[in-house]
Amino acid sequence: MPQAGGQPPAKRLRAALPPRPAMLPAPPAPRRVPPHADSQRRSLPIFQARGKLLSHLRALDSAILIGETGSGKTTQIPQYLYEVGIGRQGIIAVTQPRRVAAIALSTRVSDEKKTQLGKLVGYTVRFDDLTSDETRIKFLTDGMLLREAIGDPMLRKYSVVILDEAHERTIHTDVLFGVVKAAQKKRKELGKLPLKVIVMSATMDVDQFSQYFNGAPVLYLEGRQHPIQIFYTKRPQSDYLQAALVSVFQIHQEAPPSQDILVFLTGQEEIEAMTKTCRDIAKHLPDGCPQMIVMPLYASLPYSQQLRVFQPARKGCRKVILSTNIAETSITIAGIKYIVDTGMVKAKKYSPETGLEMLAVQRVSKAQAWQRTGRAGREDSGICYRLYTEDEFEKFDKMTIPEIQRCNLASVMLQLLALRVPNVLTFDFMSKPSPDAVQAAIEQLDLLGAVERKKDQLVLTPLGRKMAAFPLEPKFSKTILMSPKFHCTEEILTIVSLLSVDSVLYNPPARRDEVQSIRKKFISSEGDYLTLLSVYRAFKNVGGNKVWCRENFVNCRNMMLVLDVRAQLRDICVKLSMPIESSRSDTGNIRRCLAHSLFMNAAELQLDGTYRTVDSHQLVAIHPSSVLFHCKPACVVYNGLLHTNKCYMRDLCVVDADWLYDAAPDYFRRKLRTARN
DNA sequence: GAGCACTGC
């Protein structure tokens, strides 16, 4: 047992949550047809407010709807609107940040309406569209509605757009705010069918939403949240891992074994180490202490192991789940009584000056802390230990910085231009990204040849318009569009698909030597892109065999996704009438094609053995996951930079320096000039 | 010489 060197969580607060804590999406709906669907619907808290809500919503162009967990707003509001004929002349769209939520919710609602999924109620997510001409209530991912908007910026199919989970502020929802607002205005001006916009959120910060939508009224709904006790530490903790460990075992000694614990940590490595430590300690607990089962949970964990967190522990045994913030929103686990919140999260930052993405451990926001707290008390009252003092908590940021202010904006700017937004520089964002970030994105699009000035207006070039057709980062769309010139479109499609999903290479740390010897047969001395290509080709040769994947340390789930992505991209190429050729064994053309589209991501070996980027002369290193980690090629292009302890290049390809200069002579002349100055 | 929060099109 670790001694309580860290303070025991001490300060007892009244079971008072803030007025409206940021809460969670409804738990994934179980697939069942309730015997008394109607009486169940009527028993929801929202049902009492039905009449009032509808008379409000009927009169309003826009409304903000705040509802806590369990209010049933997401499943009921679309049905209410449909039942009284609001928006019969068009489809009611409900957006969700995640695919699984869109699918689960549409299933639930179509069950409640006693209809077949895909008829009256349907869903549209990438690779999967279950809607028909009859569909009047349509759940879709926010990214999907945004993509639809490119084809129809006024969203003419829809009479109502409901943006759900707005408090999560995903980049897609943030862009949609502006898109639906513009569509609403335009439709009004043209005297067309009005577009009703409903923003649904669980946030405390409603003023911003209301203000943005021209002072739209805010409607509140009651939820069904059980009380949660919150404890802070007396003193700041210098070691949150140690503090978490102490808390877990204190709870374990005091609480009945049927009550499970969820601990929020920052990343895979930390979680695996903590899992081991907990298991070791749990082996040597004193007699009479209940047993403990410790489970790690993070996104890259194989699916089968993720599923284990849903199994109830056997009687007399406590479940302890050590999780990243995947358990904050994406995965809901029943039966959690205790939350241990370290107050830390690993999150991405973006600096437009350097184009660098940083992945850093940092403090959560207050909203995030409330979100974590709310993960207890779903079925019954809960208890949350915050491993920081109340004073520290008061100093946390109120809200998490929206994604749109932490990202490279090249894709967003390309989409806005494709939507024919009059001026992307002054687009009406709810939270404006920094002008530097916007400028950097425009410059990147300019380098790729996607934009031009026409009558002092920034517009897409024909190439840029084609780029917007692909669901990819602009640089990858460009790579595909360049590929016919190098007669290697088949191979580029494969490489781009492989790069746009999570890695297909499975690297269990415990079996490192085994992985290395098996992987040898795929490794290309020309870099990661070509190594991935040879993994893909081998996979195709065995006909997508699961056993082969296991034997070769290939992540089968991600490989299947690659096949879907590739098919989608290939379809788009066909629609654009591109010739699709294979370069077969000629890798030179593939690398030339990559050099021609990724020239802004190039690095050269220096005399002292280090690498510097060609672009800004930034000191960089080859990422340890690269097959070129032990090599010193003279010149490479890379997929992106990641700043952790060092600045790493990820996913490399060996190229000829001459190819880069051929690809963009103006760009490099400019770079040379600035370098000399 | 040593590392990978989470989504989504």
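Note on naming: letters A, B, ... go to the chains in the order of the sequence lines (proteins, then strands), and numbering restarts at 1 for each one. Only this structure's heavy atoms are used, side chains among them; waters, hydrogens and symmetry mates stay out.
As judged by a 4.0 angstrom heavy-atom cut-off over every strand, L146(A) is placed among residues making no nucleic acid contact.
The nearest whole Å value for the distance from the CG atom in L561(A) to the C1' atom in dT7(B) is 13 Å. The nearest whole Å value for the distance from the CE atom in M649(A) to the C1' atom in dG3(B) is 15 Å. The distance from atom OH of Y648(A) to atom C1' of dG3(B) is 7 Å, rounded to the nearest whole Å. At whole-Å resolution of the value, CD in Q368(A) and P in dA5(B) are 15 Å apart. Protein atom CG of L472(A) is 8 Å distant from nucleotide atom C1' of dC9(B), rounded to whole Å. Between E269(A) atom CD and dA2(B) atom P there is a gap of 13 Å when expressed in whole angstrom units. In this entry the distance linking CD of E473(A) with P of dC9(B) reads 15 Å, nearest Å. Protein atom CE of M413(A) is 21 Å distant from nucleotide atom P of dC9(B), rounded to whole Å.
A 6.0 Å sphere centred on NZ of K349(A) holds no more than 12 heavy atoms belonging to other residues, nucleotides or ligands. The local environment of NZ in K276(A) is sparse, with at most 12 non-hydrogen atoms from other residues, nucleotides or ligands closer than 6.0 Å.
Regarding contacts with the backbone of dG8(B), every side-chain N or O of T141(A) stays at 4.0 angstrom or more from both OP1 and OP2.
Comparing dG8(B), dA5(B), dC6(B) against the side chain of L359(A) picks out dA5(B) as the nearest. Minimum atom distance to the side chain of R99(A) is reached by dG8(B), of the listed dG3(B), dG8(B), dA5(B). Each of dG3(B), dC9(B), dT7(B) was ranked by its minimum atom distance to the side chain of R126(A); first place goes to dC9(B). Closest to the side chain of A299(A), from the set dC6(B), dC9(B), dG3(B), is dC6(B). Ranking dA5(B), dT7(B), dG3(B) by closeness to the P624(A) side chain, first place goes to dG3(B). For S625(A), whose side chain is taken as the heavy atoms from C-beta onward, the closest listed nucleotide among dA5(B), dG3(B), dT7(B) is dG3(B).
Relative to the six-membered ring of F393(A), R386(A) meets both conditions, a distance below 6.0 Å and an angle of at most 45° to the axis.
Toward the 5′ end of DNA chain B lies the nearest nucleotide of T324(A), the other residue of the pair Q415(A) and T324(A) mapping further downstream. Each of S500(A) and G267(A) lies near DNA chain B, and the nucleotide nearest G267(A) is the one positioned closer to the 5' end.
Judged purely by distance below 3.5 Å, without hydrogens or angles, the side chains of Y298(A) and E272(A) pair a donor atom with an acceptor atom.
Salt bridge R519(A)/E514(A): absent, no basic N to carboxylate O contact under 4.0 Å.
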